[in-house]
Amino acid sequence: MTIRLYDTSARQIRDFTPLKPGCVSIYLCGATVQAAPHIGHIRSGLNFDIMRRWFEYRGYEVTFIRNVTDIDDKIIAKAHEQGRPWWSIGYENERAFNEGYTALGCLPPTYEPRATGHITEMIEMMQRLIERGHAYAADGNVYFDVRSFPQYLELSRQELDNLLQPSGEGETGKRDPRDFAMWKAAKPGEPTWPTPWGPGRPGWHLECSAMAHKYLGSAFDVHGGGLDLIFPHHENEIAQAKAYGDDFARYWVHNAWVTMAGDKMSKSLGNSVLVSEMVKQWRPIVLRYYLGTPHYRSMIEYSEESLREAESAFARIEGFVQRVTELAGKTVDPAAEVPPAFAEAMDDDLGVPQALAVVHTTVRQGNSALAADDKEAAVARLAEVRAMLGVLGLDPLDEQWAGESDQSEDLNGVVDSLVRLVLDQRESARARKDWATADAIRDQLTQSGLAIEDSPQGPRWSLKS
Ligand SMILES: Nc1ncnc2c1ncn2[C@@H]1O[C@H](COP(=O)(O)OP(=O)(O)OP(=O)(O)O)[C@@H](O)[C@H]1O
Ligand SMILES: [Zn+2]
């Protein structure tokens, strides 16, 4: 019953014990809102949405923070390029991210703080770090002195002497080239906020240490983000927070990427597939299945073929849900508990692929029960399947998918009456012993992707698996 998580910091799977019994606090590095989200971004949100749902299933009260980085070099550059205010770029893309998360069924975070709303907290943090000898101001910038913090680079297990940390534009006055900027001095034409060290704007790393402290306190349970954030972002977050006096995160969890030809899908590499485009071609619930069911530590190499596989795997589950619901003549409620094998898989570092195998096995058992006309068993399997899908956010009968399942139910009804019409013709051919016509009809239906099964109640159709 203990949840175990792979902790990047320990390089191993550890038993999860919450800081406060019955509660879990999670901080996830969210979007830098310089452009609309690609499916890699939403994968990250989705992996942590599943984590949050599992903790909730296990009875924890979850506080889930996912921040918005609404000021950054690329946002400013884009604003200049397009002759727009920097914040209009941020607001527009923040909305696009939220539409993406919502389309794929991610529950809203408890709080979603924006970096620029926390300048006061950041200044307070820098002040204390300067007082404690961990930071210094130079030419209007404020730098973190990496040599003052001996645990620096413990998360990524690098040697300071081997480290190359390139300085950004205008980052002058560093004592050591590896010191990183917490605060950047004002440059002409850029937004600024006043500080005791002159006007400027926050660096990316500082905002997360300050917001995690504000919303989760000096220690919290899980810190998440994509693998790319381990260095420098998370190392720098740790340095600032711990040197400030916080215990900070107790478990570090990193999701693997969506890749294209082996490279991380990334705005800057130009290999992005936007969520807004994907939802026009694929049902959002299928996209959720595709992005959410591989293990969160496995890369997903994007391909249309694997998306189609996800689509047909999900159709097998959904077809079962629909058939039994029809047979039951009413909506079958999800079981109160998921099967033990599913729970065991989820407890083991969120083993969604193994948990999903339990869903598919249960669907197969349910289909056998249907074939044997054992309605009671079929309904019991459906209740289990719904409970499991609910935890993964993939229950097609859940109201969050209501819009789409209504549409597919309508379509299902239309297809059903068309197929029945054709099957009636096949039955008439068989009745007059015209086997050639009956077989030809059956072959044509099979070729169109339907499986026809003769049962004592007459022929039944389903989508071919
Ligand atoms: N291809 C990807 N696969 C999985 N997670 C990703 C991918 N790209 C970004 N993420 C994660 O999404 C979250 C938000 O990312 P952020 O907005 O900082 O974009 P980014 O990493 O700069 O993306 P890009 O490289 O496209 O500019 C982070 O936790 C990041 O690690
Ligand atoms: Zn962060």
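Worth saying up front: this structure is predicted, and the values here are computed from it rather than measured. Counting starts at 1 for both ligands and their atoms, in listed order. In what follows, residues are counted from 1 in the order of the sequence shown. Basis for what follows: all heavy atoms, side chains included, without hydrogens, waters or symmetry-related copies.
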the protein heavy atom lying closest to atom 14 (C) of ligand 1 turns out to be Gly30 O, 3.3 Å
Could you check whether the rings of Tyr152 and Phe144 sit parallel, tilted or perpendicular, using 30° and 60° as the cut-offs? tilted
Can you tell which part of Asn255 has a heavy atom less than 4.0 Å from ligand 1: side chain, backbone, both or neither? side chain
If the cut-off is 4.0 Å to any non-hydrogen atom of Asp228, which atoms of ligand 1 fall inside it? 21 (O), 30 (C), 31 (O)
Contacts of the Zn ion (ligand 2) with protein N/O/S atoms, counting only those under 2.8 Å: Cys29 SG, Cys208 SG, His233 NE2, Glu237 OE2
Regarding Arg316 and Asn367, is there a side-chain donor-to-acceptor distance under 3.5 Å anywhere? no
Hey, which atoms in ligand 1 end up nearer than 4.0 Å to a heavy atom of Gly225? 29 (O)
for atom 3 (N) of ligand 1, nearest protein heavy atom and its distance come out as Val258 N, 2.9 Å
The closest protein heavy-atom partner of atom 27 (O) of ligand 1 is Lys267 CE, 2.9 Å
Those atoms of ligand 1 less than 4.0 Å from some heavy atom in Ala31: 17 (O)
Backbone, side chain, both or neither: what part of Ser272 comes under 4.0 angstrom of ligand 1, heavy atoms only? neither
Mutual orientation of the aromatic rings belonging to Phe97 and His41 [parallel < 30°, tilted 30-60°, perpendicular > 60°]: tilted
What is the ring orientation for His134 with Phe149, classed by angle as parallel under 30°, tilted 30 to 60°, or perpendicular over 60°? perpendicular
Pair Glu235-Ser156, side-chain donor/acceptor within less than 3.5 Å: yes
Between Thr2 and Asp15, do the side chains contain a donor N or O and an acceptor N or O under 3.5 Å apart? no
Any atoms of ligand 1 less than 4.0 Å from a non-hydrogen atom of Gln34? List them with their elements. 27 (O)
Report yes or no: do Trp54 and Asp347 form a side-chain donor-acceptor pair below 3.5 Å? yes
Please report which non-hydrogen protein atom sits nearest to atom 29 (O) of ligand 1, along with the residue it belongs to and the distance in Å to one decimal place. Gly226 N, 3.1 Å
Among Tyr251, Trp252, Phe248, Phe64, exactly one meets ring-ring contact (aromatic ring centres under 6.0 Å, His included) together with Phe220. Which residue is that? Phe248
I'd like to know if Ala256 contacts ligand 1, where contact means a heavy-atom distance under 4.0 Å to any ligand atom. yes
Is a side-chain donor-acceptor pair under 3.5 Å present for Ser306 with Glu301? no
Quick one: which ligand 1 atoms are inside 4.0 Å of a heavy atom on Ser266? 24 (P), 25 (O), 26 (O)
The atoms of ligand 1 lying under 4.0 Å from a heavy atom of Met265, numbered in the order shown, are 1 (N), 2 (C), 8 (N)
In terms of ring plane angle, is the pair Tyr143 and Tyr136 parallel, tilted or perpendicular, where the classes change at 30° and 60°? tilted
So does Gln281 have more than 12 non-hydrogen atoms from other groups sitting under 6.0 Å from CD? yes
Looking only at protein heavy atoms, which one is nearest to atom 19 (O) of ligand 1, and how far off is it? His41 NE2, 3.1 Å
So Tyr91 and Trp87, would you call those rings parallel, tilted or perpendicular, with 30° and 60° as cut-offs? tilted
Once the angle between the rings of His234 and His254 is folded into 0 to 90°, is it parallel (under 30°), tilted (30 to 60°) or perpendicular (over 60°)? tilted
For the residue pair Trp257 / Asp228, report whether a side-chain donor-acceptor contact shorter than 3.5 Å exists. yes
Checking a contact table here: which protein heavy atom is nearest atom 2 (C) of ligand 1, and how many Å away? Gly40 CA, 3.4 Å
Answer yes or no for His38: is there a heavy-atom contact with ligand 1 below 4.0 Å? yes
For ligand 1, note which part of Thr32 has a heavy atom under 4.0 Å away: side chain, backbone, both or neither. both
Do Arg66's NZ or CZ and the ring of Tyr101 fall within the cation-pi criteria of under 6.0 Å and 45°? yes
Distance from atom 11 (C) of ligand 1 to nearest protein heavy atom, with residue and atom: Ser44 CB, 3.9 Å
